[in-house]
Amino acid sequence: MSVDQLTSDDVNTIMDRAEFYKGRFKLGKDKKVGGLNGRTMINMFFEPSTRTRISFEQAAKRMGMLVSNIIADASAMAKGESSIDTIRTLGAMNFDVVILRTPQSMQPYELSTFTSSAIINAGDGTNEHPTQALLDYFTIQKLGMDVKNITIVGNIIHSRVAKSNTKLLLSMGYNVTLVGPNGWVPEPKEWNIPEEQYGQLNIGTHLRDVLDVSDVVMTLRIQQERFSDTHRGLIDLKDYNKEYGIKHGMLRDNQFLMHPGPVNRGVEIDEDLVYCPQSVILDQVENGVAVRSAILEHVLT
Ligand code: CP
């Protein structure tokens with residue numbers, strides 16, 4: 001449900017196992033590793049997804065699981081069945097694990113009370129995206145340099161990726177700087193960050209002021225679809241790009257650029273820099289399959 005539920009031992013075990021799976025999932029190799037043969041998983045996505053849904057499906061199939069997908073619009077939910085009745089119905093089919101993506105913050109907690117299946121949060125509203133944070137942490141560990149300072153830039157207040165990453169990275173000892181327009185960065189209390197971690201956390205409004213000390217710059221998708229709920233001030237996308245977009249000459253050779261995807265090209269990152277030499281965006285995607293295999297193994301065994 002949340003990165004808060006993970007001990008550092010859990011995280012380290014998942015990282016070790018993800019390393020193993022990454023080695024087994026190389027192009028041209030037989031990727032069927034087994035380990036969860038005959039166990040069952042359903043992807044239940046009430047919001048669009050490419051990376052999370054497909055990487056969970058691939059992770060599960062490579063481990064020998066039997067996988068189904070339910071898309072809200074093409075299910076009985078389109079005929080008015082509630083999400084609670086849907087999860088009860090799927091529970092009756094004895095799925096071992098449900099991967100849930102929902103626009104409703106905290107819905108995974110609510111639905112978990114109506115099923116005996118394990119639920120893995122694949123992103124709930126503006127709350128959390130814990131498996132994204134784990135794959136991002138894995139990617140940071142693989143950068144081949146001593147990373148200490150991570151800057152997360154953008155629409156922080158609406159970003160479940162920022163929230164899960166901030167909490168996980170702080171708990172694993174990194175310094176995290178959150179940068180965004182006024183009103184787009186929450187107070188640490190809003191995310192229940194423990195007071196003893198406040199010294200590792202910086203808040204800024206100007207990306208250029210903090211670039212020098214950033215080993216990694218994690219950019220975030222501007223989620224225009226979320227502006228209507230906890231609306232804290234709209235901004236013109238061109239103005240946003242001028243102040244917070246990644247542009248030519250901004251990053252040093254030994255800095256890294258991350259983005260959970262999908263990228264609004266020309267907004268968070270200039271068009272021709274999405275896959276620049278500093279970009280590890282596709283490494284994040286590749287690592288997602290290995291990390292989610294390790295997560296399935298951790299949850300189910
Ligand atoms: N990073 C991420 O959650 O991407 P998708 O929406 O494509 O799953």
Side-chain angles (χ1 to χ4, degrees), residues 1-3 6 14 18 22 25 41-62 67-74 97-108 119-140 142 150 152-169 180 216-227 229 246 256-265 267-269 274-275 279-296:
M1 301 287 171
S2 164
V3 292
L6 297 167
I14 290 168
K22 184 172 166 132
F25 290 164
M41 183 189 99
I42 184 155
N43 268 326
M44 189 167 172
F45 276 62
F46 301 157
E47 251 188 16
S49 163
T50 297
R51 294 151 196 79
T52 313
R53 190 172 73 77
I54 302 298
S55 60
F56 263 117
E57 183 167 346
Q58 277 296 305
K61 286 180 170 169
R62 292 175 193 192
V67 179
S68 294
N69 285 280
I70 181 164
I71 310 291
D73 291 350
V97 61
V98 178
I99 312 300
L100 179 62
R101 155 84 49 108
T102 166
Q104 243 177 281
S105 297
M106 310 305 282
Q107 195 182 29
I119 293 190
I120 296 179
N121 183 357
D124 63 324
T126 57
N127 182 42
E128 284 223 33
H129 197 345
T131 67
Q132 178 73 41
L134 285 163
L135 77 88
D136 288 339
Y137 176 56
F138 182 85
T139 303
I140 289 166
K142 297 274 139 244
I150 293 147
I152 306 180
V153 56
N155 188 9
I156 311 275
I157 194 86
H158 290 114
S159 174
R160 56 198 179 204
V161 173
K163 185 177 178 185
S164 290
N165 259 298
T166 301
K167 294 202 288 183
L168 182 66
L169 293 167
V216 172
V217 180
M218 186 184 292
T219 51
L220 302 170
R221 186 171 74 86
I222 297 296
Q223 296 156 306
Q224 295 181 73
E225 73 275 18
R226 299 213 196 282
F227 280 145
D229 53 3
I246 300 298
F256 292 93
L257 175 64
M258 298 177 74
H259 193 299
V263 177
N264 294 304
R265 284 169 168 269
V267 179
E268 299 102 42
I269 305 173
V274 175
Y275 303 122
S279 168
V280 291
I281 292 171
L282 293 179
D283 301 70
Q284 292 172 264
V285 177
E286 180 186 0
N287 295 336
V289 186
V291 170
R292 288 182 171 121
S293 296
I295 291 167
L296 287 171

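Order of appearance sets the numbers: ligands from 1, and atoms from 1 within every ligand. Every value quoted in this text rests on a predicted model; they were computed, and no experiment measured them.
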Measure and list all N/O to N/O distances between ligand 1 and the protein that fall under 3.5 angstrom.
from     : atom 1 : to     : atom 2 : distance (Å)
ligand 1 : 1 (N)  : Gln132 : OE1    : 3.0
ligand 1 : 1 (N)  : Pro260 : O      : 2.9
ligand 1 : 3 (O)  : Thr52  : OG1    : 3.0
ligand 1 : 3 (O)  : Arg101 : NH2    : 2.9
ligand 1 : 3 (O)  : His129 : NE2    : 2.9
ligand 1 : 6 (O)  : Arg101 : NH1    : 3.1
ligand 1 : 7 (O)  : Thr50  : N      : 2.8
ligand 1 : 7 (O)  : Arg51  : N      : 2.9
ligand 1 : 7 (O)  : Arg51  : NH1    : 2.8
ligand 1 : 8 (O)  : Ser49  : OG     : 2.6
ligand 1 : 8 (O)  : Thr52  : N      : 2.9
ligand 1 : 8 (O)  : Thr52  : OG1    : 2.6
ligand 1 : 8 (O)  : Arg101 : NH2    : 3.2

Ignoring hydrogens and angles, state whether a donor on the side chain of [X] or [Y] is under 3.5 Å from an acceptor on the partner side chain.
X      : Y      : result
Thr126 : Arg160 : no
Asn69  : Arg53  : yes
Ser293 : Arg62  : no
Gln132 : Asn165 : no

Q: Taking only Lys NZ, Arg NE, NH1 and NH2, and the carboxylate oxygens of Asp or Glu, determine whether Arg51 and Glu57 approach each other closer than 4.0 Å.
A: no

Q: Among Thr139, Ile269, Thr219, find the residue that satisfies the side-chain contact (heavy atoms from CB on, under 4.5 Å) test when tested with Ile281.
A: Ile269

